[in-house]
Each structure stands twice: as C-alpha cells, then as structure tokens.
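Shown next, in structure tokens, is the structure this report addresses.
Letters go in sequence order (proteins before strands), and every chain restarts at 1.
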Amino acid sequence: MNLLRKFLAVLRRDWLTASRYGAASILYVVGLVFEVGAFYFVARSVGPAYRPDGFDFFSFLVIGTGVWGFFIATVSSFVSAIRESQVSGSIEALMTTATKPSLLVTLSAASTILRDGLQLIAYLIVGFVLFGATALHVNPLALIVLSVLILALALAFGIFAAAVQVSVQKGGAVVWLFGSVIWLFSGTMFPVSVLPAPLQALSKAIPLTYAMDGLRAALLKGTSLAEMGPRLMYLVPLAVLLLPIAVAVFTVTLQQARRRGTLSYY
Amino acid sequence: MAIIEVQSVTKIFDGRDWAKPWKRTSPTRALDQVSIAFESGKTAVLLGPNGSGKTTLLKLLSTIFLPDSGTLKVGGYDTERAGDQVRKMIGFAVGSERSFFPRLTARENLEFFAVFEEIAASTMRGRVEEVLKAVNLTSDSDKQVMKFSSGMLHRLGIARAILKSPPVLLLDEPSRSLDPAAAEQLWQMLGSLKEMGTTVLVASHNFEETAAIADTIAVLDQGRLAGCENFGRRGDATAVRDFYFSVSREPDKRMVEARR
C-alpha cells in the first residue's frame, strides 16, 4: 500500500512538473513522427527486396530503434533521477526520509519509465498504423515475456548507471557510451550478421541483441515462447541475477558516497 | 537521559576528484575526536565559526554522512548500522535552500515528502496544513516554490523537517534569511516543540538565537569540541557571547576594538 502511495506521489510530482513546462510533450510526439518518417523513406530507398533476418526492413527499423530508445531512456532515467535530485538539492532531504534509498531511486525513475513505455507504444503505432509497416502477426504471451525481460534488464543496467552517477558523477557519459555500443552491436538498424566475425561475438554477449531479435519474432512472425528457447535461456537467468546485483552495488556505492561526503556532488 | 550520543567521532574529507585521481589534494579534518551527548527533550545549540564542523555533525546524525571513526547514536540506534531506524526518528532542515521541487507549490512539495515519510494518508493533508500554519506559509502554500524568497524557502524547510513530528529535530542555521519577526516566531515554535518533548539540535552563528532557545550550548572550533555547558540564562545573549569567546580560539572583535 505504502509502495503504491509512493509510486503515485512520484507520478503526481512528475506530471505536475511536466504540465507546468508547457508544450514539451507535444513537441516530442511531433519529433517522433518525423523520426519514424525518416526510417520509412530510408527503407523505401533501399527497396522491398532487402529483408534483414527475413523481416520487412521498415518494420525491422521501427522495432529496433523503438526498443533501443526505450531501453536507453529507461537506463538513463535512473541517472537523471539522481542527477536532478543532486542539482535541485533535494537528494539530501530525500535520503533522510523514512524510505529506503534504493527504493527511492527506483521510484524516482518509475514515472519516467512509464512515460518511456507509452512513448514506445506511440512509436510503434506511428510506424505500423500511420506509415503502414508490414502486417503484425503477434504472439501475445511471447511479447509480454520479452517485454518484462527487457524491462528487468533495463532496470538492472539503470541501477548500475545510478551507482556510477553517485560514485563518480559521470553516469550520463557512461549511459551515452553504453547506448552507442548497443546501438552498433545489438542489431538495432541492421542485422548483426553483417558485422565481422569478431564483432559478432561481441554482439552475442549483449543481452539486448537476443531481446530485440526475440521481440521482432514475437511481433512480426508470431513466434511462440517454446520457439524462443535459446534466447530465453540467456535472457532469463541474466535478468534474475543482474537486478539484485545492481541493487547491492548501488547500496555499497551509496554508503561510500556517505562516507566520502559526496552524495550531493554533481 | 541522552537521546543523541556522539563518541570519539572523526570525519575527514579527502577532497579527491574522482575524475582526476592522480591529482593530490590535502584532506580536511571536519571533525576530530568529538564526544558529546544531548539530553532528551532539551534544546541544544552548536556554535562555531564557518568550517568548525557544525553542519558536518548534523549531517552525520542524519545519516547523510558516515563517520571515518567513532560512533553516533540517535535514540540508541547507531547511524551506520541502523540508518533506517535513525531516519525514522529525525527531522532535518538542511541549510541549503535548493532542496525542493521548484515547479511544485509549497503544499505539493510537503505532500510529496509526507508520503515518503510514511505519514498516514488519513492524516496527511491535515498535518501539511498544520506545519504550513506553524511556519506562517498558509497564504503562500499554493505558490510554486521557485517564486519563494530565501526566507520562505527556509521556513518551508523547517515545515518539512517537522512534518512527521520527529522525536529529534536537527536544524542548520534556522533563522538565517529570516526577518526578526519570523525569527522570533520560529523560536517560539521551537519552545512549543520542546514542551511536547522534542529534542532540538540547532547549528547557529547567532548569539541572540542561542540565548532565546538553548538549554545546552556546545562550541565547535576547527572540528574539535571547545566547550559545552548547560545554559540557564534565557535571553542573555551577552552570557552566550562571553561563554563562546572564553572557549573558542576565535578573537572577540569587541575586545580587540576595546584594546585599540
């Protein structure tokens, strides 16, 4: 009950803040239409014969960039939550409340994650409805399981990034580098099969490669959970293990920042 | 009975820039082997010049900082091992004015913090109104805090600190930026809190404020406890001043002027 109250309080705070910033959200939606539009014309200029991993290229791009955007925005939301509270000076006041710090950070990022999720849905709607990407052939169960796994991985990496922000105040730079590596190697805009063999090995170590491939299959080919086998064998244990490790690392980092007196540094 | 116990506490800031680990910096010893205890239900004032360690001690008690050596206990709970319990017992008005969400109103800010302080939903709104009234901000409660003056932000910080009716209240220079009437109102409020059994620990530079509220005065000087006494002359700022300069290494400007 308390958890729900806190979550709703964060939603209210962020909603009130966003609504008082005026038209920023509308501008974002307009920008999103232009972004998807650019991919539409890239796919048209390449031509219908090009089908990466057997998918229509425009659908491949919309799902890849949409999922990548959601993943990185979610990871980044933890850094933003910490940094904004450092800049606004509210971090010390928040850290002396009765709420556990790791819960506080997760909740502070929660409404941004919810917004990122809605933006992903809007992104896919613009791509598949407005620009008429290929027909969807969805396996709902596989879609839900993969979405949960992507969210769990994003939460874990987000908490790691928050730990970097608390520790050395460079969380934003780390997320930028991390995002660029994933952009290049996880099959966001082109299939990983076009990479040189050594780089393909790196690509196979990145969990989002499997998640993105699985999500495309669940959305476009109706691939079932049973057929997802190898992808899930990699993603499920990773998601289950990484989250508690990330929380433990964040807790230790926070203690170190308290010891060094750098909690409010940015 | 002591509700706050500080035992041989040392706090050193190494000043290292983690982006430039090769760069050598000299560490700052903010607190050096400080031992002191404060009684339950009393008001204690920490006096000392800038950089004497007053704010560091408050931040250590509130668990924002952890000590390098020694122990701090609030209500018997160790700040390092039982931080969650300590945080439930204390309300801390941080010295910084930048500690609110600027686009939210005063009321919205307090309601947000009230949820995170786990104040029951049924009593939250009433409690927020009470604390707004206590710091004389009711008429400005629907104004966004980015439009607040420095004094108003300070009062709002105090309102937030007393929201959960904490047994221990930590205030960092509470009357800074307040006009004389607001400062007197604050001191009266602290008197009422004491009557209700709240232990108040205030960091201050102000002799008049100290004389108005203190049961105990502790003087910190360059991170060391220079002196501590129970203060029985309510309202006598000269007595506070005399005690301060008798234990502090800081020169008394009045004496220096008189010698000239």
Side-chain angles (χ1 to χ4, degrees), chain A residues 1-22 24 84-105 107-108 164-170 173 251 253-266, chain B residues 11-19 21 28 30 56 59-68 79-80 83-105 108-109 111-121 124 144 146 157 160-161 163-164 170:
Chain A
M1 196 62 192
N2 250 339
L3 188 65
L4 180 65
R5 258 187 93 203
K6 287 173 184 174
F7 177 62
L8 292 175
V10 172
L11 279 189
R12 179 174 181 246
R13 178 197 67 181
D14 292 351
W15 167 252
L16 288 170
T17 303
S19 64
R20 286 164 191 170
Y21 267 107
E84 277 167 24
S85 64
Q86 286 170 326
V87 172
S88 73
S90 58
I91 191 163
E92 291 189 342
L94 283 166
M95 291 294 176
T96 54
T97 64
T99 304
K100 277 188 184 295
S102 53
L103 178 62
L104 218 128
V105 172
L107 284 171
S108 297
V164 174
Q165 178 64 24
V166 167
S167 181
V168 291
Q169 298 93 45
K170 298 285 182 287
T251 306
T253 310
L254 199 64
Q255 288 291 90
Q256 284 176 344
R258 285 189 150 126
R259 179 93 54 206
R260 296 199 311 260
T262 57
L263 195 56
S264 58
Y265 285 17
Y266 59 90
Chain B
K11 181 72 204 162
I12 301 167
F13 296 110
D14 65 12
R16 215 177 323 161
D17 182 348
W18 291 82
T28 305
T56 300
K59 288 191 174 181
L60 283 163
L61 286 167
S62 68
T63 76
I64 290 173
F65 292 164
L66 293 175
D68 291 301
T79 57
E80 191 160 2
D84 290 347
Q85 296 300 327
V86 171
R87 284 187 284 275
K88 284 179 183 165
M89 290 193 72
I90 54 127
F92 182 25
V94 291
S96 167
E97 288 153 13
R98 295 183 312 107
S99 63
F100 290 98
F101 302 106
R103 297 231 169 212
L104 301 193
T105 66
E108 287 162 356
N109 263 289
E111 284 173 356
F112 177 83
F113 280 97
V115 172
F116 279 81
E117 290 288 17
E118 298 177 353
I119 293 171
M124 186 183 81
Q144 289 179 17
M146 66 182 183
R160 177 175 58 196
L163 253 180
K164 63 181 168 191
L170 308 174

Chain B shares the most heavy-atom pairs under 4.5 Å, among T97(A), T99(A), L104(A), L103(A), with T97(A)
Return the [atom1] to [atom2] distance between [X] and [Y], rounded to the nearest 0.5 Å.
{"X": "R13(A)", "Y": "F101(B)", "atom1": "CZ", "atom2": "CZ", "value": "4.5 Å"}
{"X": "Q255(A)", "Y": "T63(B)", "atom1": "CD", "atom2": "OG1", "value": "8.5 Å"}
{"X": "M95(A)", "Y": "S62(B)", "atom1": "CE", "atom2": "OG", "value": "12.0 Å"}
{"X": "S90(A)", "Y": "F100(B)", "atom1": "OG", "atom2": "CZ", "value": "9.5 Å"}

Contacts of D68(B) meeting salt bridge (Lys or Arg N to Asp or Glu O under 4.0 Å) (sequence neighbours excluded), chain-then-number -> K11(B)
Item checked: V10(A) vs F112(B) side-chain heavy atoms within contact, under 4.5 Å -> yes
Considering non-hydrogen atoms only, spot the tightest contact between [X] and [Y] and give its length.
{"X": "F116(B)", "Y": "A9(A)", "value": "CE1-CB, 4.3 Å"}
{"X": "I64(B)", "Y": "R258(A)", "value": "O-CG, 3.2 Å"}
{"X": "K164(B)", "Y": "T96(A)", "value": "NZ-O, 4.0 Å"}

Looking only at L66(B), T56(B), L60(B), the option with the highest number of non-hydrogen pairs under 4.5 Å against chain A is L66(B)
Checking heavy atoms, do the side chain of [X], its backbone, both or neither come under 4.5 Å from chain A?
{"X": "Q144(B)", "value": "side chain"}
{"X": "L61(B)", "value": "neither"}
{"X": "A30(B)", "value": "neither"}
{"X": "M146(B)", "value": "neither"}

Short question: side chain of [X], backbone of [Y] - any donor-acceptor pair under 3.5 Å?
{"X": "S99(B)", "Y": "A93(A)", "value": "no"}
{"X": "R20(A)", "Y": "R103(B)", "value": "yes"}
{"X": "E117(B)", "Y": "A98(A)", "value": "yes"}

Applying a strict 4.5 Å limit to non-hydrogen atoms, the region of Q86(A) in contact with chain B is backbone
What I want to find out is whether R5(A) reaches E118(B) closely enough, with some N-O distance under 4.0 Å, to be called a salt bridge.
no
Carboxylate-amine/guanidinium contact R12(A) E111(B), below 4.0 Å: yes
- In sequence, state the C-alpha distance, the side-chain angles, and the governing distance for F113(B) and L94(A), and then conclude on side-chain contact (heavy atoms from CB on, under 4.5 Å). CA-CA 8 Å; F113(B) 280 97; L94(A) 283 166; 3.7 Å; yes
Can you confirm if the NZ or CZ of R259(A) lies within 45° of the ring axis of F65(B) and under 6.0 Å from the centre of its six-membered ring?
no
By side-chain contact (heavy atoms from CB on, under 4.5 Å), E84(A) pairs with (sequence neighbours left out) S80(A)
